[in-house]
Student: 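Supplied in structure tokens, the structure appears directly below.
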There are 2 protein chains.
Amino acid sequence: MTKLTMKDIARLANVSQPTVSRVINGNKAVNEDIAKKVMKVIEEVGYIPNKAAQTLKKSSSHIIGVCVTEVYNPYFVELIETLEAECRKIGYNILLHNSKHNPITEWESIQNFLARQVDGLILVPASDYNMQRISELSTPSVIITQNKPQLDSIGLNHLQAGKIVVESFIRAGHKKFGFIGTEIDEKFLGFDGSLRENGFTFDKRNYVRLEVTSIDNFLMRRDIEKYFTEVGRPDFTCAFAANDIMALEFMKAAQERNIRIPEDISLVGFDDTYLAKIMGISSIHQPIEEMVKMTIEILQNRIEHEVSSTPVTIQLEPMLIERNSSRWKRID
Amino acid sequence: MTKLTMKDIARLANVSQPTVSRVINGNKAVNEDIAKKVMKVIEEVGYIPNKAAQTLKKSSSHIIGVCVTEVYNPYFVELIETLEAECRKIGYNILLHNSKHNPITEWESIQNFLARQVDGLILVPASDYNMQRISELSTPSVIITQNKPQLDSIGLNHLQAGKIVVESFIRAGHKKFGFIGTEIDEKFLGFDGSLRENGFTFDKRNYVRLEVTSIDNFLMRRDIEKYFTEVGRPDFTCAFAANDIMALEFMKAAQERNIRIPEDISLVGFDDTYLAKIMGISSIHQPIEEMVKMTIEILQNRIEHEVSSTPVTIQLEPMLIERNSSRWKRID
DNA sequence: CTGTTAGCGCGTTCAT
DNA sequence: ATGAACGCGCTAACAG
């Protein structure tokens with residue numbers, strides 16, 4: 001079966017090609033009987049309009065380009081799934097790329113999106129590197145999970161997240177604090193800042209540092225093992241991990257050294273993914289659905305109304321979900 | 001910055017539009033100086049060719065449509081990531097859909113792929129429902145993870161996987177066998193068949209059955225809880241789970257009831273995902289990279305040579321990776 | 001080597 | 001209400 005075009009349908013239905021176009025696009029100005037006949041032919045032969053031609057003609061593809069930084073973390077998978085579902089509801093498809101935290105790759109992806117005539121971009125940014133030129137694009141874009149001044153963005157208050165965790169640790173009687181992550185980000189700054197506010201200081205040796213490039217099981221485990229080898233038994237009684245995977249990896253590595261969670265070390269993760277739920281790890285909840293819905297609303301607005309006013313910045317508040325990994329009162 | 005076309009570049013470089021096209025497509029029959037000038041202009045203004053127009057002209061989009069059944073299982077995430085990486089290497093993008101085990105959704109996705117002029121399809125089938133009409137498409141397609149007679153397919157020998165697991169259980173001294181899954185599939189048939197061959201029978205009450213629709217943490221857990229509530233302490237000393245998530249959920253639910261893994265119940269999962277690695281769950285390894293590479297090779301062949309010979313069927317052999325969840329000799 | 005011409009499949013005037 | 005004609009941006013065939 002060779003590809004059919006509108007012309008073929010027109011011939012089969014004894015009408016002109018524009019009439020077929022009108023029928024397909026629900027143009028009312030067309031005789032009902034003719035419309036029915038055309039529809040019948042379309043059904044019979046299984047004709048599907050060529051979106052490349054439609055895109056070319058309307059300079060709109062009904063595709064949203066999405067670029068995330070990783071998919072190892074189930075949080076992003078859930079994010080993508082929700083994005084896809086919500087986009088589908090309003091008639092958009094998603095073109096998905098993975099920058100793997102690499103700004104060069106991110107920019108290549110964006111070029112590709114533009115070449116494919118996407119109507120909008122949704123980005124989990126790999127770094128600040130591309131933000132400026134993204135803001136200069138004629139294609140509207142929204143940053144998700146983080147806030148960036150130059151662009152429409154919708155993120156979580158990471159500073160506040162760090163603070164919430166510190167406060168819960170302090171309430172539970174902890175005095176020595178650990179952090180598990182890849183970099184000095186806002187989560188850490190909130191964590192560190194809140195410690196100071198409460199009269200504590202963060203001991204740098206309690207930073208379990210993973211490489212940004214350690215985004216698989218083997219590499220993360222290696223970094224954590226390295227920490228234990230260098231430091232021995234950790235000098236903290238509670239720890240905040242930058243995401244649930246890190247929390248889980250740390251928990252397993254600790255348990256193998258007979259460090260009990262939460263008795264010896266209380267643990268809080270980030271993202272509140274299914275991993276945290278299954279494993280009973282406390283975690284900072286990110287309201288994915290809310291974020292996604294707002295993101296798409298903003299984007300759709302930009303696409304349809306093209307109002308290039310000042311960037312919209314929305315910041316959602318984090319919530320700590322307490323589970324067994326941190327349900328422990330410290331008495332000493 | 002409004003969208004630029006080849007015509008604009010041509011004007012800026014004082015050449016004709018087809019010359020720009022030649023330069024971009026690396027056509028050698030073009031004066032070097034002119035080529036350089038054109039390239040310079042392209043660089044300066046940041047021109048990107050319109051792929052919708054290219055697609056329309058060449059009736060080839062350089063897109064592969066991929067439709068999977070779920071993304072909750074990290075196995076599929078890894079599969080998708082590998083597919084994307086391999087496709088990118090040969091200049092293809094991926095359009096990703098999720099059928100959520102629904103054949104209707106699957107067919108809609110395929111229609112969408114065809115509308116977008118994809119050059120090929122890669123499918124994790126939702127059921128046999130669409131196989132026939134997929135085989136009648138003019139767009140080449142390959143089924144991955146399972147074997148289907150009508151189509152090119154590359155899968156794992158699931159029967160053999162069930163058999164391997166049974167044999168390892170028997171060697172460890174087990175006599176009462178459990179299965180955790182959603183349906184009577186080949187894994188189960190291999191498991192059950194091998195039990196018979198070895199003089200055992202599978203007790204239906206030892207089937208921990210999850211709904212096909214239970215593809216998230218909450219629902220799977222509910223199904224497993226239901227099993228424990230109905231059956232009480234399971235009457236098996238070893239169990240084979242249809243995937244790693246199920247294995248993990250079962251493990252956690254069991255442990256909460258003071259059933260020890262592996263001492264009381266030895267456990268083997270399926271897919272050998274990072275979950276199994278982190279949690280020390282034995283699992284059947286699926287050679288993702290090998291599968292993906294072969295899939296793409298077959299597809300590329302079909303796309304380029306269009307040889308519609310008989311379907312290619314490749315079946316890879318499973319391998320059991322033993323970890324702590326089943327390292328236990330049963331003596332009774 | 002380069003420019004002119006045509007046409008991919010569709011939506012959109014403009015006539016009728 | 002319908003058809004003829006045009007053009008979206010690009011590649012390919014053909015002249016010159």
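Order of the sequence lines fixes the chain letters, A, B, ..., with proteins taken first and strands second; residue numbering starts at 1 for each chain. Just so it is clear, the structure is predicted and the values come from calculations on it, not from any experiment.
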Student: Return the set of residues passing side-chain hydrogen bond (donor to acceptor under 3.5 Å, both in side chains) with B/T82 (not counting sequence neighbours), or none when no residue passes.
Tutor: none

Student: For a quick test of your reading: what N or O donor-acceptor pairs under 3.5 Å do the side chains of residues 287-296 of chain B make, sequence neighbours left out?
Tutor:
from	atom 1	to	atom 2	distance (Å)
B/E289	OE2	B/K293	NZ	3.2
B/T295	OG1	B/M291	O	2.6

Student: How would you list, by chain and number, every residue that makes a side chain to side chain contact (heavy atoms under 4.5 Å, CB included) with A/E297, sequence neighbours excluded?
Tutor: none

Student: Could you tell me the separation between the NZ atom of B/K37 and the C1' atom of C/dT2, rounded to a whole number of Å?
Tutor: 12 Å

Student: Not counting sequence neighbours, which residues clear side chain to side chain contact (heavy atoms under 4.5 Å, CB included) with B/S61? List them please.
Tutor: B/T55, B/I63, B/Q117, B/D119

Student: Any side-chain donor-acceptor pair under 3.5 Å between B/T313 and B/N147?
Tutor: no

Student: What are the bounds, 5' to 3', of the part of DNA chain D that sits under 4.0 Å from heavy atoms of chain A?
Tutor: D/dA1 to D/dG9

Student: For A/S59, what residues pass the side chain to side chain contact (heavy atoms under 4.5 Å, CB included) criterion, not counting sequence neighbours?
Tutor: none

Student: B/E70: what forms a side chain to side chain contact (heavy atoms under 4.5 Å, CB included) with it, not counting sequence neighbours?
Tutor: B/Y72, B/N73, B/F76, B/H101, B/I215

Student: Applying side-chain hydrogen bond (donor to acceptor under 3.5 Å, both in side chains), name anything that partners A/D216, two or more places apart in sequence or on another chain.
Tutor: none

Student: For a quick test of your reading: what N or O donor-acceptor pairs under 3.5 Å do the side chains of residues 40-51 of chain A make, sequence neighbours left out?
Tutor:
from	atom 1	to	atom 2	distance (Å)
A/K40	NZ	A/E44	OE2	3.4
A/N50	OD1	A/A52	N	2.7
A/N50	OD1	A/A53	N	3.2

Student: Using five pairs at each end of the helix from C/dC1-D/dG16 to C/dT16-D/dA1 to define an axis, what is the angle between those two axes, to 10°?
Tutor: 40°

Student: Report each atom pair, protein N/O against N/O of nucleotides 4-8 of chain C, whose distance is under 3.5 angstrom.
Tutor:
from	atom 1	to	atom 2	distance (Å)
C/dG7	N2	B/K57	NZ	2.9
C/dG7	N3	B/K57	NZ	3.4

Student: Enumerate donor-acceptor pairs with a distance under 3.5 Å from any side-chain N or O in residues 107-114 of chain B to protein atoms, sequence neighbours excluded.
Tutor:
from	atom 1	to	atom 2	distance (Å)
B/W107	NE1	B/Q111	OE1	3.4
B/S109	OG	B/H97	ND1	3.0
B/S109	OG	B/T105	O	3.1
B/N112	ND2	A/N93	OD1	2.9

Student: Go nucleotide by nucleotide along DNA chain C from the 5' end; which of B/N31 and A/L4 gets its closest nucleotide reached first?
Tutor: B/N31

Student: Provide, to the nearest angstrom, the distance between the CG atom belonging to A/N50 and the C1' atom belonging to C/dC10.
Tutor: 8 Å

